[in-house]
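Contents: one structure, followed by commentary.
Only heavy atoms go into these numbers, but all of them, side chains included; no hydrogens, no water, no symmetry mates. For this chain, numbers begin at 1 and follow the sequence in order.
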Amino acid sequence: EEEVTQPPGASAGYGASGTGNSPVKKKSRRTSRAAFEIAPKPTGSPEWRGITDLNSPTETRETRRARHERHSQSAHERLSFGAGREGLLLRRLREVERRTEERHQRMVALQAKKRKAVEKAILTILFGKASTYGDYGDCNFDDRVTGQLLDEGEFGGVMAAVYAASDVVLDEHIERSKKVVDAAYDAVRRKADGSEYREYWPLGGHEDPRKRVGQIDAAWCTPGYTAPHAVVTLADRLTGCVLGACHVSKEVDTAGIGRPGRALMGWSQSSGDMDRGGSDEVLRDTAARWPQRSLHVTKDGDVKGGNVRDLEGCEEYDESTCHCHVVKNDRKILSGKGMTGAACPGGCVDPDEPQKKCAGTKGARCTKSFANKFYARAYEVIRQAELMVFPELKIDYAELPNDVGSKAREERRHEAIEWATHQLYAALKHFTGDHSHCDHGPLPDDHPAFKCRAQVSFFAKEISRLVKQLPRILSPFGLLDINRIESYHAVYRLYRPKGRKYSAVYEFTAVNMGILSCSQLSLGFWGEITQPVVRIVELLNERHGLTIELSEDQREYLDRNLAQRIKGREQRSSERWQRVRRAYVAYRRTSQASQASQTAYQNGGTEATLALDNARSAAEAAVEAAARSRKENEKQWLGGRAIGIHDEADANEAALGHEAQFNDCDESGEESDGE
């Protein structure tokens with residue numbers, strides 16, 4: 001403090017106690033020069049001195065990226081499973097001489113309480129499928145009321161530890177899956193003539209015994225183009241075993257969960273490109289871990305990117321496209337704005353209004369019914385092309401050869417592709433009114449045909465695009481799909497409901513549990529029984545010093561659940577179930593009023609089908625489709641009973657004498673509980 005002379009007329013608020021030139025005591029506005037002197041350097045770690053020392057050169061200071069990498073590496077080391085590493089969830093009490101015995105016992109009790117809460121949170125994640133902190137609180141409502149829950153930060157640490165353990169178990173499952181896949185392909189090659197393995201041919205009938213067939217696809221946590229996370233899964237086409245998985249996230253890796261081949265963090269490109277980036281990472285990792293195998297991969301029809309052979313280590317890999325997605329996308333395009341919103345150049349509308357949009361009402365019904373007709377025709381063409389390459393699929397041969405990929409098969413495949421190309425271009429002529437290239441019978445003069453040149457041009461471009469994809473659709477193994485991976489995505493949603501944005505740690509943990517569930521079922525179906533939940537608990541106990549013990553009821557629940565799932569898959573794989581299911585699906589496709597117009601072109605355009613097509617108006621189809629639900633259609637086809645996939649179903653039908661007993665009621669006529 002120093003004396004400051006108050007100027008004349010200054011207000012009291014300036015600091016003076018009165019008026020005039022009375023001296024006052026006031027803090028100086030001028031800062032002492034000593035305040036700008038550099039304080040002594042802290043005695044912390046070298047990293048801390050590098051951050052806080054303002055006199056250090058710019059090139060020696062730690063940048064944000066370097067700090068993030070250091071934090072990520074530190075977190076990764078805490079999460080890693082290895083000898084001599086200290087646990088992350090519970091810290092050991094230090095020995096302090098000055099601590100009293102009473103205080104020490106109180107700290108021991110608090111740590112025991114914390115251990116119990118951590119163990120309960122782990123069981124909630126594994127058995128309650130708690131993928132968020134809110135789910136954790138809902139599963140432990142009493143603890144939330146009494147305030148015994150972990151806070152959100154502590155629960156995030158528990159989730160990170162569970163993710164690290166699940167990642168280790170997933171690696172073990174993938175290595176075991178590779179052995180199961182090799183054994184299954186070897187069995188198919190040796191026993192392809194038996195009825196047990198006939199359904200898996202020609203997947204295991206390649207002339208190269210190292211060839212395997214896989215399918216890969218991506219799933220996002222939220223729909224749209226702003227998804228923060230995605231997961232890419234690679235599975236074997238024959239056995240369904242998971243061969244690889246990779247997470248992709250836009251978050252910066254501050255939790256130490258990034259790992260080559262398993263998790264790509266800090267994705268800077270669009271959400272749609274996550275499919276390409278994750279697929280490339282999975283395939284490179286699979287090629288490095290499985291070097292003695294050659295993989296044929298089936299991808300989604302919408303995936304972007306180059307050829308799989310351009311990846312490191314994948315020079316002998318091949319790829320094809322899911323035929324279901326390609327044909328389905330064509331129907332979406334033809335029934336969308338590309339056809340009905342094309343600017344008409346004239347000729348099919350009023351010449352006085354050439355700028356008018358062609359709505360497809362002149363000369364043809366070029367809306368949903370037209371797209372459905374082409375959808376049915378395209379499917380028929382590619383399936384007939386597949387039978388041209390593999391006539392064994394239709395004819396019951398005594399022995400199935402292992403000559404897939406041979407020169408003779410490739411010649412058949414090229415001939416089938418050429419035939420399918422001619423048939424698709426003939427369909428273009430057919431829908432424009434030129435039937436000179438068609439093989440059906442005579443048609444009426446007023447048969448519907450396209451007149452709008454804009455719509456014909458757009459349709460021709462779609463035909464050309466489909467023709468270019470024929471070599472990828474009709475693969476050396478026939479028509480392949482990614483339906484199994486799509487089913488796995490539905491299982492992921494049981495652990496992580498779609499539509500909610502999670503943190504990367506929560507997302508990866510929940511999806512890993514879904515992947516392990518699918519892998520467990522596939523391995524169990526082929527005779528390899530595993531319990532990933534039990535293995536995760538063992539790893540967490542060993543790594544973090546926990547004492548989680550699963551009760552007998554919990555273990556029995558896990559075993560019983562796995563046995564029921566394996567039995568269900570065996571029943572779905574039976575010949576009886578497949579036959580009944582195919583018959584019902586075929587009935588449903590042809591019985592719906594909205595789909596009845598597909599049969600006009602598919603059956604050759606006979607008078608009977610044309611009469612049926614013309615009799616169904618759009619209004620009648622809409623009313624009938626709304627009145628008849630899918631469940632009613634199923635009851636009509638099945639006679640009011642469920643599909644009998646059990647072994648004793650035929651005996652029960654014979655004993656009862658009629659099919660009406662198999663309905664939703666028991667023998668007393670009362671509605672049963674569904675058991």
Side-chain angles (χ1 to χ4, degrees), residues 81 89 115-131 135-143 148 158-159 161-177 179-180 239-242 487-488 490-497 509-574 577 642 645-648 672-675:
F81 285 80
L89 298 178
R115 181 191 302 273
K116 183 178 179 181
V118 168
E119 294 176 352
K120 195 169 186 178
I122 292 174
L123 294 178
T124 303
I125 295 172
L126 297 179
F127 287 93
K129 301 178 182 178
S131 57
D135 296 339
Y136 164 61
D138 294 339
C139 294
N140 301 277
F141 182 77
D142 294 339
D143 292 344
Q148 299 180 3
V158 173
M159 187 70 76
V162 175
Y163 166 70
S166 66
D167 213 30
V168 174
V169 179
L170 182 58
D171 282 342
E172 297 174 354
H173 272 234
I174 290 175
E175 294 301 322
R176 185 174 295 187
S177 297
K179 298 179 181 179
V180 172
T239 62
C241 295
V242 177
S487 300
Y488 288 176
V491 177
Y492 302 167
R493 291 194 292 270
L494 298 178
Y495 294 84
R496 181 261 298 143
T509 305
V511 173
N512 264 14
M513 297 304 300
I515 297 175
L516 287 173
S517 177
C518 300
S519 177
Q520 179 193 28
L521 177 59
S522 299
L523 290 175
F525 179 78
W526 292 91
E528 289 286 334
I529 303 300
T530 60
Q531 286 295 351
V533 172
V534 178
R535 179 59 178 156
I536 290 175
V537 171
E538 293 176 356
L539 290 174
L540 292 174
N541 287 340
E542 178 183 357
R543 171 69 176 84
H544 301 284
L546 303 177
T547 58
I548 303 176
E549 293 184 2
L550 298 181
S551 63
E552 292 296 330
D553 294 340
Q554 291 173 334
R555 293 180 181 272
E556 289 179 1
Y557 165 76
L558 294 175
D559 296 338
R560 182 173 63 254
N561 183 39
L562 178 59
Q564 292 176 351
R565 293 168 60 202
I566 294 176
K567 182 178 179 181
R569 180 166 177 179
E570 290 175 349
Q571 293 171 347
R572 292 191 300 270
S573 302
S574 64
W577 193 93
I645 60 177
H646 302 283
D647 297 335
E648 63 273 10
S672 62
D673 57 358
E675 184 67 25

Do [X] and [Y] come close enough that some side-chain heavy atom pair is under 4.5 Å?
| X | Y | value |
| --- | --- | --- |
| S522 | S177 | no |
| Y492 | I515 | yes |
| V491 | L521 | no |
| F127 | L550 | yes |
| Y136 | V158 | no |
| E528 | K179 | no |
| L126 | M513 | yes |
| S131 | P497 | yes |

If I take atom [atom1] from residue [X] and atom [atom2] from residue [Y], how far apart are they, to the nearest 0.5 angstrom?
| X | Y | atom1 | atom2 | answer |
| --- | --- | --- | --- | --- |
| I536 | L516 | CD1 | CG | 5.5 Å |
| H544 | L539 | NE2 | CG | 9.5 Å |
| T547 | L540 | OG1 | CG | 12.0 Å |
| H173 | T530 | NE2 | OG1 | 3.5 Å |
| S166 | D171 | OG | CG | 10.0 Å |
| I125 | C139 | CD1 | SG | 10.0 Å |

Pairs in or reaching into residues 119-129: which pass salt bridge (charged side-chain N to carboxylate O under 4.0 Å, His left out), with residues at least two apart or in two chains?
K120-D143
With sequence neighbours excluded, residues passing salt bridge (Lys or Arg N to Asp or Glu O under 4.0 Å) with E538:
R535
Side chain [X], main chain [Y], donor-acceptor under 3.5 Å:
| X | Y | result |
| --- | --- | --- |
| W526 | T239 | yes |
| R115 | G545 | yes |
| R565 | S517 | yes |
| Y163 | N512 | no |

Table please: side-chain donor-acceptor pairs of residues 551-564 below 3.5 Å, with sequence neighbours left out.
| residue | atom | partner | partner atom | Å |
| --- | --- | --- | --- | --- |
| S551 | OG | Q554 | N | 3.3 |
| Q554 | OE1 | S551 | N | 3.0 |
| D559 | OD1 | Q531 | NE2 | 3.1 |

Taking every non-hydrogen atom, the tightest pair across I529 and G524:
CD1-CA, 4.0 Å
For C241 and V180, the nearest pair of non-hydrogen atoms, with its separation, is SG-CG1, 4.1 Å
Could you tell me whether E570 atom CD has more than 12 heavy atoms of other residues or ligands within 6.0 Å of it?
yes
Result of checking D167, V537, T509 against V162 for side chain to side chain contact (heavy atoms under 4.5 Å, CB included)
T509
